[in-house]
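What follows is a set of notes on a single structure, which appears directly below.
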Amino acid sequence: MNQVQLSDVQIANLTLLLTIRDGILHDRTAACCRFSLDAVQAERLGTMSVQQLMAIVANLGDATLFPPRRDLVSLLDTPLPLVRPLAAVHAPRHVTASSAA
């Protein structure tokens with residue numbers, strides 16, 4: 001039996017992705033507010049299977065996904081072998097109150 005060892009960052013990413021996905025399936029509006037998601041991010045995460053989320057986390061490596069990156073949906077839609085390099089070259093830029101105005 002193959003066992004994959006996840007790093008602390010990968011475990012955090014997987015835990016948050018699963019929690020967010022469950023929240024979206026239960027109450028989309030509350031999950032968007034609680035986790036600072038936009039409608040596109042919520043839609044994409046809500047349609048993903050547990051296996052898809054696990055595959056993203058395994059291929060992403062130690063890059064953190066949260067707080068939600070501006071390119072989160074793009075990373076979720078990227079072919080798995082390219083997730084890690086794209087996350088590394090595109091620094092996560094988060095929306096702040098001053099940059100949103």
Side-chain angles (χ1 to χ4, degrees):
M1 180 181 213
N2 292 337
Q3 288 187 339
V4 176
Q5 294 293 325
L6 297 178
S7 70
D8 291 342
V9 173
Q10 288 174 308
I11 291 169
N13 280 335
L14 182 59
T15 301
L16 279 167
L17 284 170
L18 292 171
T19 301
I20 290 168
R21 179 182 167 270
D22 289 347
I24 291 167
L25 296 175
H26 179 70
D27 184 346
R28 181 182 301 260
T29 304
C32 286
C33 291
R34 186 173 294 125
F35 297 107
S36 301
L37 300 173
D38 62 32
V40 174
Q41 292 170 333
E43 177 65 29
R44 185 68 180 100
L45 285 168
T47 62
M48 295 185 77
S49 69
V50 172
Q51 291 80 9
Q52 288 173 311
L53 295 176
M54 291 173 64
I56 287 287
V57 167
N59 282 276
L60 183 61
D62 282 339
T64 186
L65 293 173
F66 300 98
R69 299 167 57 116
R70 284 190 178 174
D71 63 347
L72 178 62
V73 172
S74 177
L75 287 174
L76 296 174
D77 291 336
T78 298
L80 293 176
L82 299 176
V83 171
R84 186 182 308 203
L86 285 177
V89 298
H90 295 186
R93 284 172 273 160
H94 310 291
V95 178
T96 62
S98 61
S99 66

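Along the sequence shown, residues are numbered consecutively beginning with 1.
Atom CE of Met54 has 12 or fewer heavy atoms from other residues, nucleotides or ligands within 6.0 Å.
When hydrophobic clusters are built by joining Ile, Leu, Val, Met, Phe, Trp and Tyr residues whose side-chain heavy atoms come closer than 4.5 Å, directly or via intermediates, Ile11 is grouped together with Leu18. Leu17 and Val73 are not part of a single hydrophobic cluster, where members link through side-chain heavy atoms under 4.5 Å apart. Residues Leu53 and Leu80 are members of one and the same hydrophobic cluster, defined by side-chain heavy-atom contacts under 4.5 angstrom among Ile, Leu, Val, Met, Phe, Trp and Tyr.
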Identify every side-chain donor-acceptor pair in residues 32-43 under 3.5 Å, counting partners at least two apart or on other chains, and give the distances.
from  : atom 1 : to    : atom 2 : distance (Å)
Asp38 : OD1    : Val40 : N      : 3.1
Asp38 : OD1    : Gln41 : N      : 2.7
Gln41 : OE1    : Asp38 : N      : 3.1
Gln41 : NE2    : Arg69 : O      : 3.2
Glu43 : OE1    : Arg28 : NH1    : 3.4

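Of all heavy-atom pairs between Arg21 and Met48, the closest is NE-O, 2.5 Å. Nearest heavy atom pair, residue Gln10 against residue Gln5, reads OE1-O, 4.2 Å.
Atoms CG and CG, on Asn13 and Asp62 in that order, are 9.0 Å from each other to the nearest 0.5 Å. To the nearest 0.5 Å, the span separating CD1 on Ile20 from CG on Leu65 amounts to 9.0 Å. A distance of 10.5 Å separates OG1 of Thr29 from CD1 of Ile24, quoted to the nearest 0.5 Å. Separation of atoms CG (Asp71) and CG (Leu76) is listed at 9.5 Å; rounding is to 0.5 Å.
Of the options Val50, Val57, Val9, a side chain to side chain contact (heavy atoms under 4.5 Å, CB included) to Leu14 is made by Val57 and by none of the others.
Within the 4.5 Å cutoff, the side chain of Thr78 has no heavy atoms near those of the Ile56 side chain.
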